[in-house]
Participant: 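If you scroll down you'll find the structure; I have some questions about it.
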Amino acid sequence: MEDVRELIRKHHKTGLLIDANVLLLYLVGQTNPNRILSFKRTSQYVPEDFDLLTQFVAQFQTLVTTPHILTEVSNLGDLRDRELLVFRSLFTHMIEKAEEHRDESRRVVKDAAFLRLGLTDAAILALGGHAPLFLTDDLDLYVALTSRSLDAINFNHIRPLNWTS
């Protein structure tokens, strides 16, 4: 727990990059917390995960993202009717406040990680020099980040933690 708190202190100002699946949880939870369990893309989570994530995100001044993450979240956030409108409104607001970093895909695919992880994750790895804290639930991405000595937290590792203590 103290390691996590230290990473939060270290990156409070430099920012937090949230991988697509966890970012989708964040937006679906804001849209309608009751949908977390029933929405196919977030059904592996529980409402308490959204509460934890909300508390976690609130500790950072900046959200960092990539066009690849945003595209995935936009495509995966296939809610319906009013929920879709609310989701897209929240998504728009988040994008307007986020710090978006771009690397040309032709450069990203030259990284060996592209063959194992795909374009979105390889683009995340390319951000290493910008030094945000990376939050993901993807074990392969987490291992790739930490093997490059980048600060990362696997959301599944902090899910059981109590942030109120």
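Note that the structure is a prediction, hence the values are computed from the model and not measured.
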Participant: Go through Arg116 and Asp121 one step at a time and tell me if the salt bridge (Lys or Arg N to Asp or Glu O under 4.0 Å) criterion holds.
Facilitator: CA-CA 9 Å; Arg116 287 185 345 285; Asp121 290 353; over 6 Å; no
Participant: Going by an N to O cut-off under 4.0 Å, is there a salt bridge joining Arg102 and Glu104?
Facilitator: no
Participant: So His68 and Ile124, side-chain contact (heavy atoms from CB on, under 4.5 Å) or not? Walk me through it.
Facilitator: CA-CA 9 Å; His68 304 90; Ile124 290 170; over 6 Å; no
Participant: Can you tell me how far apart CZ (Phe39) and CG (Leu76) are? Round to the nearest 0.5 Å.
Facilitator: 7.5 Å
Participant: Is any side-chain heavy atom of Val46 less than 4.5 Å from a side-chain heavy atom of Ile36?
Facilitator: no
Participant: Decide yes or no for Tyr26 and Val22: does some side-chain heavy atom of the first lie under 4.5 Å from some side-chain heavy atom of the second?
Facilitator: no
Participant: Determine whether Leu141 and Phe114 fall in the same hydrophobic cluster, where Ile, Leu, Val, Met, Phe, Trp and Tyr are linked whenever their side-chain heavy atoms lie under 4.5 Å apart.
Facilitator: no
Participant: For a 4.5 angstrom cut-off between non-hydrogen side-chain atoms, does His11 reach Asp151?
Facilitator: yes
Participant: Has Ser147 got a side-chain atom pairing as donor or acceptor with Ala144's backbone, closer than 3.5 angstrom?
Facilitator: yes
Participant: Applying the 4.5 Å side-chain criterion to the ILVMFWY set and letting contacts propagate, would Leu90 and Leu84 be lumped into a single cluster?
Facilitator: yes
Participant: With a 4.5 Å heavy-atom cut-off, do Asn21 and Tyr45 have their side chains touching?
Facilitator: yes
Participant: Any sub-3.5 Å donor-acceptor pair from Ser89's side-chain atoms to Leu85's backbone N or O?
Facilitator: no
Participant: From Asp138 CG over to Asp19 CG, what is the distance, rounded to the nearest 0.5 angstrom?
Facilitator: 6.0 Å
Participant: Tell me the closest heavy-atom pair linking Pro33 and Pro47, and the distance in Å.
Facilitator: O-CG, 4.2 Å
Participant: If you apply the rule side chain to side chain donor-acceptor pair (under 3.5 Å), what do you find for Thr120 with Glu72, and how did you get there?
Facilitator: CA-CA 8 Å; Thr120 299; Glu72 278 194 28; 2.6 Å; yes
Participant: Is there a side-chain contact (heavy atoms from CB on, under 4.5 Å) between Val28 and Phe50? Walk through the geometry before answering.
Facilitator: CA-CA 9 Å; Val28 169; Phe50 168 67; over 6 Å; no
Participant: Does the side chain of Asp49 reach to within under 4.5 Å of the side chain of Phe155, using non-hydrogen atoms?
Facilitator: yes
Participant: Has Arg88 got more than 12 heavy atoms of other residues, nucleotides or ligands less than 6.0 Å from its CZ?
Facilitator: no
Participant: Compare all side-chain heavy atoms of Leu119 with those of Val109 and state whether any distance is below 4.5 angstrom.
Facilitator: yes
Participant: How long is the straight-line distance from CG of Leu53 back to CD of Glu48, given to the nearest 0.5 Å?
Facilitator: 13.0 Å
Participant: Indicate the atoms forming the closest heavy-atom contact of Arg80 with Asp78, along with that distance.
Facilitator: NH1-O, 3.8 Å
Participant: Less than 4.0 angstrom from a charged side-chain N to a carboxylate O is my criterion; do Arg159 and Asp137 meet it?
Facilitator: no
Participant: Arg35 versus Leu79: any side-chain heavy-atom pair under 4.5 Å?
Facilitator: yes
Participant: Please report the C-alpha distance between Thr14 and Leu133 in whole Å, then the side-chain angles of each, then the deciding distance to 0.1 Å, and finally whether the side-chain contact (heavy atoms from CB on, under 4.5 Å) criterion is met.
Facilitator: CA-CA 8 Å; Thr14 59; Leu133 176 61; over 6 Å; no
Participant: Are Ile95 and Leu16 connected in a single hydrophobic cluster, I mean Ile/Leu/Val/Met/Phe/Trp/Tyr linked by side-chain heavy atoms less than 4.5 Å apart?
Facilitator: yes
Participant: How long is the straight-line distance from CG of Asn32 back to CD of Glu83, given to the nearest 0.5 Å?
Facilitator: 5.0 Å
Participant: Indicate the atoms forming the closest heavy-atom contact of Thr146 with Ala152, along with that distance.
Facilitator: CG2-CB, 4.1 Å
Participant: Would Tyr142 and Leu145 count as a side-chain contact (heavy atoms from CB on, under 4.5 Å) if you check the C-alpha gap in whole Å, the side-chain angles of each, and the deciding distance to 0.1 Å?
Facilitator: CA-CA 5 Å; Tyr142 173 76; Leu145 288 162; 5.5 Å; no
Participant: Exactly one of His101, Arg106, Arg107 should register a side-chain hydrogen bond (donor to acceptor under 3.5 Å, both in side chains) with Asp103. Which one does?
Facilitator: Arg107
Participant: Is it true that Asp111 and Arg148 make a salt bridge, defined as a side-chain N closer than 4.0 Å to a carboxylate O?
Facilitator: yes
Participant: Nearest 0.5 Å, please: how far is CG in Leu150 from CG in Leu125?
Facilitator: 7.0 Å
Participant: Can you name the closest pair of heavy atoms from Leu17 and Thr65 and give their distance?
Facilitator: CD1-CA, 4.2 Å
Participant: In this structure, are over 12 heavy atoms from other groups packed under 6.0 Å from His12 atom NE2?
Facilitator: yes
Participant: Hey, what do you get for CD (Glu96) to NE2 (His93), rounding to the nearest 0.5 Å?
Facilitator: 7.5 Å
Participant: Against Ile18, only a single residue in Leu25, Ile69, Val57, Thr136 fulfils side-chain contact (heavy atoms from CB on, under 4.5 Å); can you say which?
Facilitator: Val57
Participant: Which pair of heavy atoms, one from Ser38 and one from Asn34, lies closest together, and at what distance?
Facilitator: OG-O, 4.0 Å
Participant: With side chains defined as the heavy atoms from C-beta onward, is the minimum distance between Leu63 and Glu99 less than 4.5 Å?
Facilitator: no
